[in-house]
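Accompanying notes for the structure given below.
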2 protein chains.
Amino acid sequence: MNNQEKEHLIKDLEGKYHTYAEYLKVLAHPIRLAIIDALKEGTCCVSDVTELLQVSQPNISQHLAILRLHGIVEYEEDGKKRCYSLCNPSSSLAILATLGKHLS
Amino acid sequence: MNNQEKEHLIKDLEGKYHTYAEYLKVLAHPIRLAIIDALKEGTCCVSDVTELLQVSQPNISQHLAILRLHGIVEYEEDGKKRCYSLCNPSSSLAILATLGKHLS
DNA sequence: TTCTAACATTCGAATATTCTTATATGAAAA
DNA sequence: TTTTCATATAAGAATATTCGAATGTTAGAA
C-alpha cells in the first residue's frame, strides 16, 4: 500500500466510513430490520406494524421515527392513519439481501 | 399478507433479524469498517493498522478483538507480531460493496 | 536473565441506545 | 363539541458502547 492509499484510508475514516457506519447503525436493530421487511411489498400503517411484530405502539413509532429521520422510510397521511413505505426500496433491501446471502 | 407470513415475521424478529442486527452492529463503526478495508488485500499486523488509521494502539486492539470475537477477522502469529486477515473476505466485503453502491 | 517491542486487557467516565410508562396531538366520528 | 382512534413525543431507568489511561503479557533481542 503506497502513501496515497494510506492518506485515502484516513480520509475515508472521517468521511465515507463514518457515513456507512451511521447507516449501518440505523439498520442494526432487529425491529427496524423487521419493519423494513414488512414494508418490502408495499405500505403499512403503524397499527399494522404493531400487530404484525407484536411490539408496543410507542416503541414501533420510535423505531419508525429513527428510520424516517435517516431517510429510510416515509409516510403519507390517510385520515387518522400514517401509511409508511420505504423511501428507496432497492437500497435498504439490497443490504438485507446481502446479509441473507452471506449469513447462515 | 396472510397469517402464515405474519407468523414468519415474528419468528424472524427473534431469529434471523436478531442475527443480522448483531452482525450489522459489529460493522457499524467507522474504525472497524476501515480495518476491514485495510485487510481487503491481505494481511496487516496491529502496528500497521495503527499507523494506517492514526488511532491509538489499545483502541485498534479493542476493535480487532470485537471483530475477532464475531468471526470477522483472525490472526496468525509471526514472532511478536499478529498478522490479521479477514476470515471470510467475500462476506464482509460484500456488505461494503453494497453500501458503496447504494450510498452517495 | 533483563530489556524491549508488539500487542492485549482492565477500568472507569462519558455518552448513546433502548424500552416502558405516561401524556400529547390531531383527525374524524358521534 | 366531545369523544375516540391512530399515532407521536417526553421522561426516565436500565443497559450498552466507546475511548483514554494504565497495566499486563509474551516473544525475541541484547
Side-chain angles (χ1 to χ4, degrees), chain A residues 10 13-14 17-36 38-39 42-85, chain B residues 10 13-14 17-36 38-39 42-87:
Chain A
I10 294 179
L13 187 53
E14 303 280 315
Y17 291 131
H18 192 276
T19 305
Y20 288 8
E22 281 303 303
Y23 185 74
L24 290 175
K25 235 186 337 183
V26 175
L27 296 187
H29 192 289
I31 293 179
R32 295 197 286 269
L33 290 176
I35 289 174
I36 291 170
L39 297 179
T43 279
C44 272
C45 70
V46 178
S47 52
D48 289 345
V49 180
T50 297
E51 199 238 335
L52 232 93
L53 303 184
Q54 304 281 354
V55 172
S56 77
Q57 176 269 315
N59 198 4
I60 291 291
S61 274
Q62 286 161 351
H63 285 297
L64 282 169
I66 291 170
L67 291 169
R68 183 165 41 80
L69 292 172
H70 287 87
I72 294 173
V73 306
E74 62 191 346
Y75 64 84
E76 277 187 2
E77 310 221 334
D78 171 24
K80 285 182 281 191
K81 296 190 175 185
R82 293 193 174 179
C83 304
Y84 279 84
S85 56
Chain B
I10 294 179
L13 187 54
E14 302 279 317
Y17 291 131
H18 192 276
T19 304
Y20 288 8
E22 280 302 304
Y23 184 75
L24 290 175
K25 233 184 342 183
V26 176
L27 295 188
H29 191 289
I31 293 178
R32 294 197 285 271
L33 291 175
I35 289 174
I36 291 170
L39 297 179
T43 279
C44 272
C45 70
V46 179
S47 52
D48 288 345
V49 180
T50 297
E51 199 238 336
L52 232 95
L53 303 184
Q54 304 280 357
V55 173
S56 78
Q57 177 269 312
N59 198 5
I60 292 290
S61 274
Q62 287 163 349
H63 285 296
L64 283 168
I66 291 171
L67 291 169
R68 183 165 40 81
L69 292 172
H70 286 86
I72 295 173
V73 305
E74 62 192 343
Y75 65 82
E76 278 187 1
E77 310 220 334
D78 171 25
K80 285 182 283 190
K81 295 190 176 184
R82 293 194 173 179
C83 303
Y84 278 85
S85 56
L86 297 174
C87 287

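Below, each value reflects all heavy atoms present in this structure, side chains not excepted, and no hydrogens, waters or symmetry copies. Here is the naming used below: chain letters follow the sequence lines, and residue numbers restart at 1 for every chain. Values in this document were obtained by computation on a predicted structure and should not be read as measured data.
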(Q) Roughly what angle, to 10°, lies between the helix axis at the start of the helix from dT1(C)-dA30(D) to dA30(C)-dT1(D) and the one at its end, five pairs per end? (A) 0°
Rounded to whole Å, please give me the gap between [atom1] in [X] and [atom2] in [N].
X      : N       : atom1 : atom2 : result
R82(A) : dT9(D)  : CZ    : P     : 7 Å
L27(A) : dT17(C) : CG    : C1'   : 16 Å
L13(A) : dC19(D) : CG    : C1'   : 14 Å
Y84(A) : dA6(D)  : OH    : C1'   : 11 Å
H63(A) : dT20(C) : NE2   : C1'   : 12 Å
I35(B) : dC7(C)  : CD1   : P     : 13 Å
I60(A) : dT18(C) : CD1   : P     : 13 Å
D48(A) : dC5(D)  : CG    : P     : 17 Å

**Q.** By salt bridge (charged side-chain N to carboxylate O under 4.0 Å, His left out) - contacts of K81(A) (at least two apart)
**A.** none
Looking at [atom1] of [X] and [atom2] of [Y], how far apart are the two atoms once the value is rounded to the nearest 0.5 Å?
X      : Y      : atom1 : atom2 : answer
L67(A) : L33(A) : CG    : CG    : 9.0 Å
L13(A) : I35(B) : CG    : CD1   : 9.0 Å
R68(B) : R82(B) : CZ    : CZ    : 7.0 Å

Q. Heavy-atom count around E74(B) CD within 6.0 Å, excluding the residue itself: above 12?
A. yes
Side-chain polar contacts of residues 48-60 of chain B - donor-acceptor pairs under 3.5 angstrom, sequence neighbours left out - could you list them?
residue : atom : partner : partner atom : Å
D48(B)  : OD2  : C45(B)  : N            : 3.4
T50(B)  : OG1  : V46(B)  : O            : 2.8
S56(B)  : OG   : N59(B)  : N            : 3.3
Q57(B)  : NE2  : S61(B)  : OG           : 3.1
N59(B)  : OD1  : H63(B)  : NE2          : 3.2

Q | Minimum-distance nucleotide (side-chain atoms of H29(A) versus dT18(C), dT18(D), dT7(D)) | A | dT18(C)
Q: Give S47(B) one of three labels, base, sugar-phosphate or nothing, depending on what nucleic acid heavy atoms sit under 4.0 Å from its own.
A: sugar-phosphate
(Q) Between H29(B) (side chain only) and I31(B) (backbone N and O only), is there a donor and an acceptor less than 3.5 Å apart? (A) yes
Q) Reading nucleotides 20-30 of chain D 5' to 3', which nucleotides get B (base under 4.0 Å from a protein heavy atom), which S (sugar-phosphate only), which -? A) BBB----BS--
Q | Neighbours of DNA chain D within residues 65-76 of chain A, by heavy-atom distance under 4.0 Å | A | R68(A)
Q) Do you know the tightest heavy-atom contact between L39(B) and Y84(B)? A) CD2-O, 3.4 Å
Donor-acceptor pairs under 3.5 Å, side chain of residues 17-26 of chain A to any protein atom, not counting sequence neighbours: which ones?
residue : atom : partner : partner atom : Å
Y17(A)  : OH   : D37(B)  : OD2          : 2.3
T19(A)  : OG1  : G15(A)  : O            : 3.2

(Q) For V46(A) and K25(A), find the nucleotide of DNA chain D closest to each by heavy atoms; which residue's nucleotide sits nearer the 5' end? (A) V46(A)
